[in-house]
Amino acid sequence: MSQTVDRALSILPLLAEGPADLGRVADRLGVHKSTALRLLRTLHDHGFVYRQADQRYRLGARLISLAQEAMENLDVREIAHPHLVRLNEQVGHTVHLAVHEEDEVLYIDKVESRYPVRMYSRIGKPVAITVAAVAKLLLADLPENERRAVAEQLDYPMYTARSTPNADGFLKELAKVREQGWATDLGGHEESINCVAAPIRGADGRVVAAMSVSAPNVVVTADELLTLLPLVRRTADAISGEYSGRTPVKEVTA
């Protein structure tokens, strides 16, 4: 199995040099054409290579998309992190950064609260997509037909009495979030946890990530947390400016 994976991966740098036919791939790998064809078909099925009309193979759009997505996510996390730390130092609450990947919204960075009562969340963990504030921002930015398609495919668990109950309710919430430019989760996932979030945008204005501040009721009330929204939005705007190259690095103040 490891040899098969190694051979399949060895095809990718070859095709990065330019389109290649079956014979060239087989020669580079030192295998029979039937073996090379089997590997190419598997890569083709996953969108990692594409067979042209002239029967030569080139890198597929899926691979290019994954590489671009990985670079964008890595960059936004690296750029955002100092801002998240400064915001955490100012407000003391848990700060998250999240992105939309495939069918999930995932945390890619987290700065812990300084208070003893903390949230159970971790980097790489999917969020509760129908209630999380960061998820609402990321999905709200999708074109309308994509938003509807996503909403209709989701399940709507009632985590609390404030959870979104169905696709119609979710679409209305996404429309509201899209118009106002920020989102909340006030006890929708856990009754005792509230969250405010703002979008991070790229040079084209599309939302590439979302950041949030979350806190339990025992530390701060929902109304008190909402007073932090202007600061959260300014922080997100500062990250957006740096990420898109529109503005130089500067510290956000309360």
Side-chain angles (χ1 to χ4, degrees), residues 73 75-100 105-123 127-128 131-141 162 173-174 176-203 205-254:
N73 291 343
D75 287 345
V76 73
R77 180 181 179 182
E78 182 178 356
I79 290 169
H81 186 74
H83 295 271
L84 304 184
V85 171
R86 282 197 293 269
L87 180 60
N88 170 265
E89 291 172 348
Q90 289 175 281
V91 303
H93 307 306
T94 301
V95 182
H96 286 111
L97 180 69
V99 295
H100 185 206
V105 173
L106 306 170
Y107 291 128
I108 61 170
D109 204 357
K110 176 184 180 181
V111 185
E112 289 280 9
S113 168
R114 65 168 174 252
Y115 297 98
V117 180
R118 297 184 176 184
M119 293 182 58
Y120 178 72
S121 58
R122 64 177 184 271
I123 295 172
V127 309
V131 292
V134 289
K136 294 174 188 177
L137 284 164
L138 289 159
L139 297 182
D141 191 60
R162 297 181 180 179
E173 178 70 9
L174 294 184
K176 175 184 175 182
V177 167
R178 186 181 178 94
E179 180 178 357
Q180 67 189 17
W182 50 272
T184 62
D185 169 16
L186 304 179
H189 187 217
E190 298 180 54
E191 290 184 356
S192 61
I193 301 293
N194 298 304
C195 175
V196 294
I200 295 167
R201 301 180 184 275
R206 297 296 304 274
V207 176
V208 297
M211 58 159 294
S212 65
V213 171
S214 304
N217 285 331
V218 295
V219 173
V220 61
T221 67
D223 288 341
E224 289 170 335
L225 188 66
L226 284 169
T227 65
L228 299 178
L229 182 58
L231 178 57
V232 174
R233 297 185 74 182
R234 288 199 298 273
T235 301
D237 287 345
I239 298 170
S240 298
E242 188 177 342
Y243 176 78
S244 64
R246 294 194 303 269
T247 57
V249 179
K250 61 181 180 180
E251 185 169 336
V252 177
T253 56

Heavy-atom distance under 4.5 Å between the side chains of [X] and [Y], does that happen here?
X: Leu137; Y: Val134; result: no
X: Ile108; Y: Val76; result: yes
X: Thr227; Y: Asp223; result: no
X: Met211; Y: His83; result: no

Any donor-acceptor pair under 3.5 Å linking the side chain of [X] with the backbone of [Y]?
X: Arg77; Y: Asp109; result: no
X: Ser212; Y: Val196; result: no
X: Lys110; Y: Thr94; result: no

>> Using the salt bridge (charged side-chain N to carboxylate O under 4.0 Å, His left out) criterion, which residues pair with Arg201? Sequence neighbours excluded.
In response: Asp141
>> The criterion is salt bridge (charged side-chain N to carboxylate O under 4.0 Å, His left out); which residues satisfy it with Glu190, sequence neighbours excluded?
In response: none
Under the rule for side chain to side chain donor-acceptor pair (under 3.5 Å), what residues qualify as partners of [X], not counting sequence neighbours?
X: His96; value: Ser121
X: Asn194; value: Asn217
X: Glu191; value: none

> With Ala80, which residues qualify under side chain to side chain contact (heavy atoms under 4.5 Å, CB included), at least two apart?
Replying inline: Leu84, Leu97, Ile239
> Does atom CD of Gln180 have more than 12 heavy-atom neighbours from other groups under 6.0 Å away?
Replying inline: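 Counting other residues, nucleotides and ligands, CD of Gln180 exceeds 12 neighbours.
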